[in-house]
Amino acid sequence: SQRKLEHARNRFSRLYHCSPVGYLTLDDKALIRMANRTAAEMFGLPLEALNGASFLDFLVLDDRAIFLGRFRAFFRNTNGKAMQLRVQHTDGAVLHVSMSGRRLEQSDDETFTIDSEETVQVSLTDVSMQVFAEEALKQNQQRLVEAQRIARLGDLVVDVESGETTMSVALCELLKLDSPEKVDFNWVSRVLVHPDDRESFARWIKACESSETRTFDPLEVRVIRMDG
């Protein structure tokens with residue numbers, strides 16, 4: 001029985017410390033009372049250096065006020081709550097992490113409770129690659145807008161089911177519209193397309209809707225800018 005208990009504890013310890021997610025047990029002052037090796041590796045420190053340290057010390061300076069402003073409410077009720085934070089590695093690297101948690105009461109498993117204190121078990125998931133990918137996508141979109149502006153090009157996307165039409169920034173500038181807008185397709189046909197081209201434009205749109213291909217023959221039409 002004792003051997004089985006020891007085996008179970010060893011197995012749990014391996015799972016806890018070898019998890020790809022960082023785990024911390026924080027008290028109400030955000031002091032680290034327990035941690036796994038993955039969390040220590042995120043900070044670039046030996047595991048024993050985390051015990052009693054303030055989690056705040058591992059955040060980049062700009063994120064500390066955000067954490068302090070939200071931690072008290074987070075500690076009281078972690079349900080459905082998460083924080084996007086940046087932690088600083090000792091080598092200077094910055095990791096973007098998503099922090100979620102679970103409040104631990106005195107009645108919970110004694111593995112995680114610290115004496116008679118109430119604590120919160122938090123997980124730190126490294127989302128750096130996702131953040132970098134989103135930033136790269138944003139930069140590419142900005143480059144596309146700038147390229148369209150330079151080339152005096154724009155794009156218009158039509159939802160054939162709802163008729164909702166979205167215009168790019170560059171197209172709005174060409175048409176002298178104030179900002180990118182979602183407008184009704186009928187408004188585009190009635191206001192933007194030149195009267196002499198509206199019939200051919202309507203036929204082209206209808207042919208595109210009924211086509212089984214994903215590419216369509218181009219159509220040249222005249223459009224009317226908002227300044228006339």
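Here the structure is a predicted model, which is why all the values come from computation and not from measurement.
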> Once you measure the plane-to-plane angle for Phe132 and His96, does it fall in the parallel (<30°), tilted (30-60°) or perpendicular (>60°) bin?
perpendicular

> Check whether any side-chain N or O of Asn36 sits under 3.5 Å from a backbone N or O of Tyr23 as a donor-acceptor pair, and report yes or no.
yes

> Do Leu24 and Leu124 have side chains that get closer than 4.5 Å, going by heavy atoms?
yes

> Should Leu26 and Val122 count as side-chain neighbours, where that means a heavy-atom distance under 4.5 Å?
yes

> Salt-bridged, Lys176 to Asp227, with N to O below 4.0 Å?
no

> Nearest 0.5 Å, please: how far is OG1 in Thr25 from CG in Leu50?
11.0 Å

> Do the side chain of Lys81 and the main chain of Phe75 share a donor and acceptor less than 3.5 angstrom apart?
no

> Please report whether the ring centroid of Phe55 lies less than 6.0 Å from that of Phe67.
yes

> Would you confirm whether Gln88, through its side chain, and Gly92, through its main-chain N or O, come within 3.5 Å as a donor-acceptor pair?
yes

> Between Ser98 and Thr125, is any side-chain donor less than 3.5 angstrom from a side-chain acceptor?
no

> Are any of the side-chain heavy atoms of Thr90 and Leu45 separated by less than 4.5 Å?
yes

> Can you find a pair of side-chain heavy atoms, one from Val60 and one from Val87, that are under 4.5 Å apart?
no

> Could you check whether any side-chain N or O of Asp197 sits under 3.5 Å from a backbone N or O of Arg222, counting only pairs where one atom can act as donor and the other as acceptor?
yes

> Which atoms form the tightest heavy-atom contact between Asp126 and Met42, and what is the distance?
N-CE, 4.1 Å

> Is there a donor-acceptor pair under 3.5 Å between the side chain of Thr38 and the backbone N or O of Gly22?
no

> Checking the side chain of Arg33 only, and the main-chain atoms of Asn51 only, is there a donor and an acceptor separated by less than 3.5 Å?
no

> Could you tell me whether the side chain of Val221 reaches within less than 4.5 Å of the side chain of Trp204, counting heavy atoms only?
no

> Would you confirm whether Arg37, through its side chain, and Leu47, through its main-chain N or O, come within 3.5 Å as a donor-acceptor pair?
no

> For Leu56, is there any backbone N or O sitting under 3.5 Å from a side-chain donor or acceptor partner on Arg64?
yes

> Looking only at atom types and distance, does a side-chain atom of Arg70 sit under 3.5 Å from a main-chain N or O of Ala82, one as donor and one as acceptor?
yes

> Any donor and acceptor pair, going by atom type alone, linking the side chain of Asp63 with main-chain N or O of Arg86 inside 3.5 Å?
yes

> Heavy atoms only: give me the nearest Met99-Leu85 pair and the separation to one decimal.
SD-CD1, 4.2 Å

